[in-house]
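Note that the structure is a prediction, hence the values are computed from the model and not measured.
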Amino acid sequence: NGEKYYALGGAGPDLRTLAVRTAEKLYITILNPGPASVKRVGFNVELLGEKYATAVVRETSHWNRDKALRQSSLKGSEFVVDLPAESLTQIIFTKADLSQVTELKLEEKTFTPGKTSSLGLLETTRLRALGKLGDAWVDLSDLNVEWTSTEPALVAIYQGGLVQRLHASTKEITLTAKTLAGVAAPAVTIPASSKK
């Protein structure tokens, strides 16, 4: 009701949550449409009967666009997170222990005309970030990887590895990816393009 809403500073009662469970992960998505942040929201996954090793927090808000912000090893079945105002927060619980990733490499998987070796104006391509976990390479692109571009106004790389040239430029641009634990992949260079 209205009194409770304003007593909480406009936060809390209107949170919306969706949970999706797969064989290896549990995705919990929380929408906070209210004008105030909600602090210390707890989730307990004990009743699911699954053992999760890592929790990753991704956020879409006024400040972030589906950005990986936090990776935590789980000691028990409880996890606490803060929810910014007017935001969509996703918690991804994984059975894999992501703190054990030892290497990261980038692989280009494009379905469009663009390529990193010759990226034309407004063309796109996609990079995948593969992490070595034990003897296997695991796709971490949409999980716990931070993507950066040295010139995001010229060539943007979005969280998830989508690359797009926004403006022609005579500069070489470097794209990097690293896990939240600090394991970095070799950088990718986008060659200069000539203005036409």
Would the number of heavy atoms belonging to other residues, nucleotides or ligands and lying under 6.0 Å from CZ of Arg70 be above 12? yes
Gap between atom CG of Asp97 and atom CG of Leu133 - 0.5 Å precision: 7.5 Å
Polar side-chain atom of Asn32 near backbone of Pro84 as donor-acceptor pair, under 3.5 Å: yes
Ring-plane angle category for Phe93 and Tyr52, please: parallel below 30°, perpendicular beyond 60°, tilted otherwise. tilted
Please determine, by modelled atom types, if Ser61 and Glu59 share a side-chain donor-acceptor pair under 3.5 angstrom. yes
Any heavy-atom pair between the side chains of Ser141 and Trp147 that's under 4.5 Å? yes
Side chain to side chain contact (heavy atoms under 4.5 Å, CB included) involving Ala187 - partner list, sequence neighbours excluded: Thr174, Thr176
Nearest 0.5 angstrom please: Gln164 CD to Leu122 CG, how far? 6.0 Å
Do Val188 and Trp137 land in one hydrophobic cluster if side-chain heavy atoms of ILVMFWY residues count as linked below 4.5 Å? no
Transitively linked via ILVMFWY side-chain contacts under 4.5 Å: Leu143 with Ile30? no
In short, salt bridge (charged side-chain N to carboxylate O under 4.0 Å, His left out) pairs touching residues 176-191 with sequence neighbours left out are none
Side-chain heavy-atom pair Leu104, Leu140 within 4.5 angstrom cut-off: yes
Can you tell me how far the OG1 atom of Thr179 sits from the CG atom of Asn144, to the nearest 0.5 Å? 5.5 Å
For the pair Val155 and Val163, evaluate side-chain contact (heavy atoms from CB on, under 4.5 Å) and give the outcome as yes or no after the intermediate values. CA-CA 7 Å; Val155 174; Val163 180; 3.7 Å; yes
Under the salt bridge (Lys or Arg N to Asp or Glu O under 4.0 Å) test, which residues partner Lys109, sequence neighbours left out? Glu107
Out of curiosity, Leu154 CG to Glu172 CD, how far, rounded to the nearest 0.5 Å? 13.0 Å
Any non-hydrogen side-chain atom of Glu151 less than 4.5 Å from a side-chain atom of Ser169? no
To the nearest 0.5 Å, what is the distance between NZ on Lys115 and OG1 on Thr110? 9.5 Å
Indicate the atoms forming the closest heavy-atom contact of Ala55 with Ile91, along with that distance. CB-CG2, 4.4 Å
Between Arg21 (side chain only) and Leu26 (backbone N and O only), is there a donor and an acceptor less than 3.5 Å apart? no
Exercise: identify the closest heavy-atom pair between Ala168 and Ser193: CA-OG, 3.3 Å
Salt bridge (Lys or Arg N to Asp or Glu O under 4.0 Å) partners of Asp66, counting only residues at least two apart: Arg58
Any side-chain heavy atom of Leu127 sitting closer than 4.5 Å to one from Leu175? yes
Listing request: all salt bridge (charged side-chain N to carboxylate O under 4.0 Å, His left out) pairs with a residue in residues 74-87, at least two apart in sequence or in separate chains. none
Is the closest side-chain heavy-atom distance between Arg128 and Asp142 below 4.5 Å? yes
For residues Leu15 and Leu83, determine if any side-chain heavy atom of one lies less than 4.5 Å from a side-chain heavy atom of the other. yes
side-chain hydrogen bond (donor to acceptor under 3.5 Å, both in side chains) partners for Lys95, two or more places apart: Glu50
Using modelled atom types only, decide if a donor and an acceptor are shared between the side chain of Thr54 and the backbone of Ala96 within a distance under 3.5 Å. yes
Would you say Phe79 ends up clustered with Val41 if hydrophobic residues are merged whenever their side chains have heavy atoms under 4.5 Å apart, either directly or through other cluster members? yes
Less than 4.0 Å between a side-chain N and a carboxylate O, is that true for Arg126 and Glu108? no
Considering all heavy atoms, the nearest Gln71-Leu180 contact: N-CD1, 3.7 Å
ILVMFWY network linking Leu130 to Val145, side-chain heavy atoms under 4.5 angstrom: no
Is the closest side-chain heavy-atom distance between Pro152 and Ile157 below 4.5 Å? no
Please name the pair of heavy atoms, one in Thr125 and one in Leu162, separated by the smallest distance, quoted to 0.1 Å. O-CD1, 3.5 Å
Joint hydrophobic cluster, Ile28 plus Leu74, side-chain heavy atoms closer than 4.5 Å: yes
Answer whether the closest heavy-atom distance between the side chains of Tyr27 and Thr22 falls below 4.5 Å. yes
Drop me the distance from Ile190's CD1 to Arg165's CZ, to the nearest 0.5 angstrom. 7.0 Å
Would you tell me whether Asn44 and Ser77 have side-chain atoms, one donor and one acceptor, within less than 3.5 Å of each other? yes
Please step through side-chain contact (heavy atoms from CB on, under 4.5 Å) for the pair Phe43 and Val81, ending with a clear verdict. CA-CA 8 Å; Phe43 294 88; Val81 67; 4.0 Å; yes
